[in-house]
K.L.:
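Below is a structure I'd like to ask you about.
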Amino acid sequence: AMLRLRLLTWDVKDTLLRLRQPVGESYAAEARAHGVQVQPEALSQSFQEAYRAQSRLFPNYGHDQGLSSQQWWLDVVKQTFRLAGVHEDHILTLMAENLYHDFCSAHNWEVLPGASETLSRCCQLGFRMGVISNFDKRLENILSQCNLRHHFQFVLTSEDVGFAKPDRRVFEQALRLSGVPPEQAAHIGDDYSRDYRAARAVGMHGFLLRAAGQGTEPEVPPEHVLPTLSHLLALIEK
């Protein structure tokens, strides 16, 4: 049976956009520009470590602790380089500011295959569309630069809303903004607990983007799994 949907909400990272290259490559290139040699693999690893520690101490970009997301990120970048053995403060500050701005643009992000076409078709079919992303306030600008912003009536980032997925209040805010009941809404994302399960917990439909060969949780029926974004259209055509 075709779903009677009026609202589609979208995750962004690894659903609509992905990084052009691993974080470590971007960080290593920035270091080289300052005459500092660090292995990309080492930086990728220390980034994961710095990012995880910062997220534990200051969840959702330090929103509730009065941090700005910019300060949050500058600290992550500096700590990434420190863990990889770079300690000159003035270089750390410069590199952190440059990288913060680099990740604000289409320079480091690319649109996933099929995303533009799928979003355009959904708009033509008359769906209301919005973004729900655990992202900081740079997201509007990134979506504009990647030529996707115009598809969406609203963009909800966890920094703006003050809650991060899987918190149900983010999804409730989207439903409120669009005036659509949950059973007429679906959320599309690549993360089982933050996207699929969280949307279903508020009564929305969920679609889980899963590349071929990626395992899937047993409780996700196959008709809710999208091998590619283009597969969505067959399930929701008006």
K.L.:
State, without any angle test, whether Glu219 and Tyr196 hold a side-chain donor-acceptor pair at a distance under 3.5 Å.
P.N.:
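Short answer, no.
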
K.L.:
Would you call Glu88 and His34 a side-chain contact if the rule is heavy atoms closer than 4.5 Å?
P.N.:
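No. Closest side-chain heavy atoms not under 4.5 Å.
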
K.L.:
Pair Leu233, Cys122 - check side-chain contact (heavy atoms from CB on, under 4.5 Å), show working.
P.N.:
CA-CA 8 Å; Leu233 295 168; Cys122 289; 4.0 Å; yes

K.L.:
So do Phe152 and Cys123 actually touch side chain to side chain, heavy atoms under 4.5 Å?
P.N.:
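The answer is no, as the side chains (C-beta and beyond) never meet within the 4.5 Å cut-off.
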
K.L.:
Does Ile236 reach the side chain of Phe127, with side-chain heavy atoms less than 4.5 Å apart?
P.N.:
yes

K.L.:
If you take all heavy atoms of Ala28 and Val38, which pair is closest and at what distance?
P.N.:
CB-O, 3.7 Å

K.L.:
Answer whether the closest heavy-atom distance between the side chains of Arg82 and Leu92 falls below 4.5 Å.
P.N.:
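Yes. Closest side-chain heavy atoms under 4.5 Å.
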
K.L.:
Arg6 side chain to Pro181 main-chain N or O, any donor-acceptor pair under 3.5 Å?
P.N.:
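Side chain of Arg6 to backbone of Pro181, a donor-acceptor pair under 3.5 Å: no, none is there.
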
K.L.:
Quick one: sort the Tyr61 and Trp73 rings into parallel, tilted or perpendicular, breaks at 30° and 60°.
P.N.:
tilted

K.L.:
In sequence, state the C-alpha distance, the side-chain angles, and the governing distance for Phe103 and Ser26, and then conclude on side-chain contact (heavy atoms from CB on, under 4.5 Å).
P.N.:
CA-CA 9 Å; Phe103 279 89; Ser26 305; 3.8 Å; yes

K.L.:
Without swapping roles, check the side chain of His205 against the backbone of Glu183 for a donor-acceptor pair under 3.5 Å.
P.N.:
yes

K.L.:
For Phe163 and Asn60, which heavy atoms make the closest approach, and how far apart are they?
P.N.:
N-ND2, 3.7 Å

K.L.:
Apply the side-chain contact (heavy atoms from CB on, under 4.5 Å) test between Asn147 and each candidate in His151, His150, Gln145; give the one that qualifies.
P.N.:
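That would be His150; it is the only one of His151, His150, Gln145 passing the side-chain contact (heavy atoms from CB on, under 4.5 Å) with Asn147.
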
K.L.:
Within the structure provided, determine whether Glu140 and Phe135 are in side-chain contact (heavy-atom separation under 4.5 Å).
P.N.:
no

K.L.:
Tell me, do Leu17 and Val111 make a side-chain contact under 4.5 Å, heavy atoms counted?
P.N.:
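They are in side-chain contact.
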
K.L.:
Testing Leu156, Asp167, Ile132 one by one against Gln173 for a side-chain contact (heavy atoms from CB on, under 4.5 Å), which residue passes?
P.N.:
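Among Leu156, Asp167, Ile132, the one that satisfies the side-chain contact (heavy atoms from CB on, under 4.5 Å) with Gln173 is Leu156.
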
K.L.:
Checking side-chain contact (heavy atoms from CB on, under 4.5 Å) between Val131 and each of Val12, Leu148, Thr15, Thr9, which is the one that passes?
P.N.:
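Looking at Val12, Leu148, Thr15, Thr9, the match for Val131 under the side-chain contact (heavy atoms from CB on, under 4.5 Å) is Val12.
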
K.L.:
Looking at the rings of Trp10 and Phe207, which for Trp means the six-membered one, are their centres under 6.0 Å apart?
P.N.:
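No - the distance between ring centres of Trp10 and Phe207 does not fall below the 6.0 Å cut-off.
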
K.L.:
Which residues satisfy the salt bridge (Lys or Arg N to Asp or Glu O under 4.0 Å) test with Arg52, sequence neighbours excluded?
P.N.:
none

K.L.:
Start with the C-alpha gap between Lys137 and Ser69, add the side-chain angles, then the distance that decides, and say whether side-chain contact (heavy atoms from CB on, under 4.5 Å) holds.
P.N.:
CA-CA 8 Å; Lys137 60 181 189 298; Ser69 57; 3.5 Å; yes

K.L.:
Between Asn134 (side chain only) and Ala164 (backbone N and O only), is there a donor and an acceptor less than 3.5 Å apart?
P.N.:
no

K.L.:
Compare every heavy atom of Arg149 with every heavy atom of Phe154, then report the nearest pair and how far apart it is.
P.N.:
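Nearest heavy atoms, Phe154 then Arg149: CA-NH2, 4.5 Å.
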
K.L.:
Report the C-alpha distance between Glu97 and Leu74 in whole Å, list the side-chain angles of each, state the deciding distance to 0.1 Å, and finish with yes or no for side-chain contact (heavy atoms from CB on, under 4.5 Å).
P.N.:
CA-CA 7 Å; Glu97 284 172 354; Leu74 294 177; 3.9 Å; yes

K.L.:
Tell me the closest heavy-atom pair linking Asp190 and Leu208, and the distance in Å.
P.N.:
C-CD1, 3.7 Å

K.L.:
Considering only NZ, NE, NH1 and NH2 on the basic side and carboxylate oxygens on the acidic side, decide whether Lys165 and Asp195 come within less than 4.0 Å.
P.N.:
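A salt bridge links Lys165 with Asp195.
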
K.L.:
Does any donor atom in the side chain of Thr228 or His231 lie under 3.5 Å from an acceptor atom in the other side chain?
P.N.:
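Per modelled atom types, Thr228 and His231 side chains form a pair under 3.5 Å.
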
K.L.:
Flag the pair Lys13 / Trp109 as yes when at least one side-chain heavy-atom distance between them is below 4.5 Å, and no otherwise.
P.N.:
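Side chain of Lys13 against side chain of Trp109, heavy atoms only: contact under 4.5 Å found.
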
K.L.:
Do the side chains of Trp72 and Asp136 get nearer than 4.5 Å, heavy atoms only?
P.N.:
no

K.L.:
Taking all non-hydrogen atoms of both residues, which atom of Ser44 and which atom of Val23 are closest, and how far apart?
P.N.:
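For Ser44 and Val23, the tightest heavy-atom pair comes out as OG-C, 4.4 Å.
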
K.L.:
Would you say Arg194 has more than 12 foreign heavy atoms packed within less than 6.0 Å of its CZ?
P.N.:
no

